[in-house]
Amino acid sequence: MSEERSLNFIEEIIDEHLKAGKYQQIVTRFPPEPNGYLHIGHASSICLNFGLTKKYPGYTNLRFDDTNPTTEETEYVESIKNDVKWLGFEWKHELYASDYFDTLYEYAVTLIKKNRAYVDDSSSEEMASMKGTPTEPGKDSVYRNRSIEENLQLFEQMKNGAFADGTKTLRAKIDMAHMNMLMRDPVLYRIKHAHHHRTGDKWCIYPMYDFAHGQSDSIENITHSICTLEFVPHRELYDWFINELEIYPSHQYEFARRNINYTVTSKRKLLQLVNEKHVEGWDDPRMPTVSGLRRRGYTPDSIRDFCERIGIAKRENMIDVSLLEFCIREHLNKIALRRMVVFDPLRVIITNYPNETILLKTENNPEDPNGGTREMKFSNEILIERDDFMENPPKKYFRLSPGNKVRLKSAYIIQCDEVLKDAAGNVTALHCSYITNSKSGEDTSGIKVQGTLHWVNAADAVEVEVREYDRLFKVEDPTDEAGDFKEYLNPDSLKIVKGFAEPAILTDTNADRFQFLRKGYYCFDKESKPGQLVFNRTVTLKDAWAKEQKKG
Ligand code: ATP
Ligand code: MG
């Protein structure tokens with residue numbers, strides 16, 4: 001599939017660079033801030049960065065952008081590494097922006113010596129008030145003209161912990177009237193007496209994003225530094241630092257952030273859902289996190305397929321979650337074992353069937369020639385889905401009703417002869433008869449039926465717990481609504497139901513993905529244990545996406 005599609009705009013650029021001999025190989029990086037778990041948007045950035053160096057000569061680094069000591073945790077670092085590997089990618093080097101703190105400090109000193117940076121005592125409020133507006137120039141700080149010697153001395157004292165948080169910053173000396181607001185003497189370092197997850201208490205000054213990111217790219221000789229569109233205005237500053245410091249000229253390219261409807265893709269917002277217990281945790285199967293999707297039963301292939309299909313764009317747009325669902329359905333159709341599970345059982349007694357149990361053999365997956373077969377017991381008492389029966393059916397009802405015939409999947413054709421009810425008039429069981437020569441695979445009855453039902457053998461059905469998930473939010477874009485995004489959570493995003501499964505499921509513990517016939521795709525949840533099986537619904541069988549495509 002990837003061979004067929006045309007090049008995206010970043011591939012076109014790289015193609016040209018390689019042809020022109022500008023680079024022999026390309027180097028990209030995936031640079032997460034370890035302040036949360038990765039989500040589906042990150043997956044798209046991962047597939048892009050790692051995908052490029054699979055396609056072209058070169059490699060990709062995993063770099064943790066850990067310059068903010070207060071929000072970062074080792075737990076996040078581990079989860080990120082795990083997710084990237086699970087998605088099927090290998091990084092060349094595992095790196096941390098915090099490993100460059102010494103180099104970055106030297107870079108800052110270089111700028112001071114070139115009279116390109118100064119220590120400012122203004123508070124953040126004062127700085128903001130002097131920043132100007134897009135149409136009005138800002139004002140120079142009174143500290144802007146400190147001597148190089150004074151700046152060097154103050155900056156060193158900042159590093160040595162002589163000053164309290166927020167009392168001083170180091171700023172680049174560019175132009176307070178610059179058209180690009182980000183070029184109006186941006187802050188390079190702030191004072192923060194905080195413990196860092198890797199450097200401990202060594203530092204009490206920390207570089208700002210803009211003074212760490214580009215320089216880290218440069219230190220690693222990144223050729224193509226790919227980020228999302230909000231960094232377009234930062235590119236000028238990115239290039240300014242590279243020029244002034246005369247370091248390796250990495251280049252920044254931007255693509256549109258990927259958003260999916262009916263969810264949020266922002267670590268900060270996802271963290272709120274976790275902290276305020278709207279979900280069970282980062283890997284709650286309703287979460288758009290890589291770990292949530294994994295627990296939900298998504299495969300790495302399906303996520304890569306999705307990222308490939310959405311490609312990359314220069315303009316932001318909202319992607320329909322049904323495309324993601326389409327991708328997992330496509331993959332699971334090929335690999336999932338077929339099993340029968342009845343959710344709301346109705347007893348069927350087959351009155352003309354002998355009092356014996358036979359074994360039926362049936363395939364595990366008709367889409368997979370190597371899928372093998374399984375055995376199912378069949379006897380004179382089985383369970384079918386209550387809503388596969390109607391006493392007074394409308395026209396064209398092809399499921400079971402009095403006098404009507406259906407096929408039991410992989411077994412026989414049965415006919416409903418009698419409806420049993422309790423005193424209150426509720427249907428309690430059905431008396432049916434089976435057509436003796438209608439066994440699947442060796443049917444000589446000549447009877448055509450329209451409906452095929454799933455069923456389980458009553459005597460050995462296994463009770464299981466099934467978690468049916470729905471969209472996490474009721475609206476397409478909860479961040480675009482009035483009020484707090486959490487007001488739009490879907491209160492029915494999780495329904496727990498009971499199911500009665502064919503017993504093969506007990507011996508399937510090595511398999512983890514199933515199609516419950518006529519129901520959907522399911523996987524074992526991590527809380528599942530012998531004697532207490534728990535399944536997550538990955539996705540329903542209904543394909544809203546394909547329908548949309550046909551309409552269009
Ligand atoms: P968030 O707001 O969720 O924290 P972020 O951009 O701050 O997102 P980072 O950890 O800084 O998260 O992102 C790592 C990389 O992933 C960056 O290159 C970023 O541009 C990219 N990325 C993050 N979110 C998306 C998204 N929704 N679509 C595409 N790429 C994304
Ligand atoms: Mg970020």
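Scope of the values below: all heavy atoms of this structure, side chains included, with no hydrogens, waters or symmetry mates. For ligands, and for the atoms within them, numbers begin at 1 and follow the listed sequence.
Considering backbone and side-chain atoms alike, Glu230 places every N or O at 3.5 Å or more from each N or O of ligand 1. Ligand 1 has no nitrogen or oxygen under 3.5 angstrom from a nitrogen or oxygen of Asn35. Checking only distances, Asn259 never comes within under 3.5 Å of ligand 1, N or O to N or O. At under 3.5 Å, not a single nitrogen or oxygen of Ser44, backbone or side chain, sits near a nitrogen or oxygen of ligand 1. At under 3.5 Å, a nitrogen or oxygen of His42, whether backbone or side chain, sits near a nitrogen or oxygen of ligand 1.
For the pair Glu367 and Lys334, the salt-bridge criterion is not met [side-chain N within less than 4.0 Å of a carboxylate O]. Here Arg146 pairs with Asp121 in a salt bridge; the nearest charged N to carboxylate O distance falls below 4.0 Å. Comment: Asp525 engages Arg295 in a salt bridge, judged by a side-chain N to carboxylate O separation of less than 4.0 angstrom. Using a 4.0 Å cut-off between charged nitrogen and carboxylate oxygen, Arg235 and Glu254 count as a salt-bridge pair. Salt bridge annotation for Lys495-Asp470: absent, with no cationic side-chain nitrogen under 4.0 angstrom from a carboxylate oxygen.
The contact set between ligand 1 and Phe255, taken as ligand atoms under 4.0 Å from a residue heavy atom, comprises 29 (C), 30 (N). Counting the atoms of ligand 1 from 1 in the order shown, those under 4.0 Å from a heavy atom of Arg258 are 26 (C), 27 (N), 28 (N), 29 (C). Atoms of ligand 1 lying under 4.0 Å from any heavy atom of Pro31, numbered from 1 in the order shown and given with element: 14 (C), 18 (O). Heavy-atom proximity to Pro32, at under 4.0 Å, picks out these atoms of ligand 1: 10 (O), 14 (C). Residue contact check: Thr228 has heavy atoms under 4.0 Å from atoms 20 (O), 29 (C), 30 (N), 31 (C) of ligand 1.
If you look at Arg268 next to ligand 1, there are no close heavy atoms at all, none under 4.0 Å.
With Arg63, Lys269, Arg257 as candidates, the residue nearest to atom 25 (C) of ligand 1 on a non-hydrogen basis is Arg257.
Tyr37 and Trp282 have parallel rings, their planes meeting at less than 30° on a 0 to 90° scale where 60° marks the start of perpendicular.
Taking all atoms of both residues into account, the shortest heavy-atom contact from Arg29 to Ile226 is NH1-O, 3.0 Å.
If you check the side chains of His234 and Tyr238, you find no donor sitting under 3.5 Å from an acceptor.
Taking the six-membered ring where the residue is Trp, the centroids of Tyr209 and Phe231 are separated by under 6.0 Å.
Under a 4.0 Å heavy-atom criterion, Phe231 is not in contact with ligand 1.
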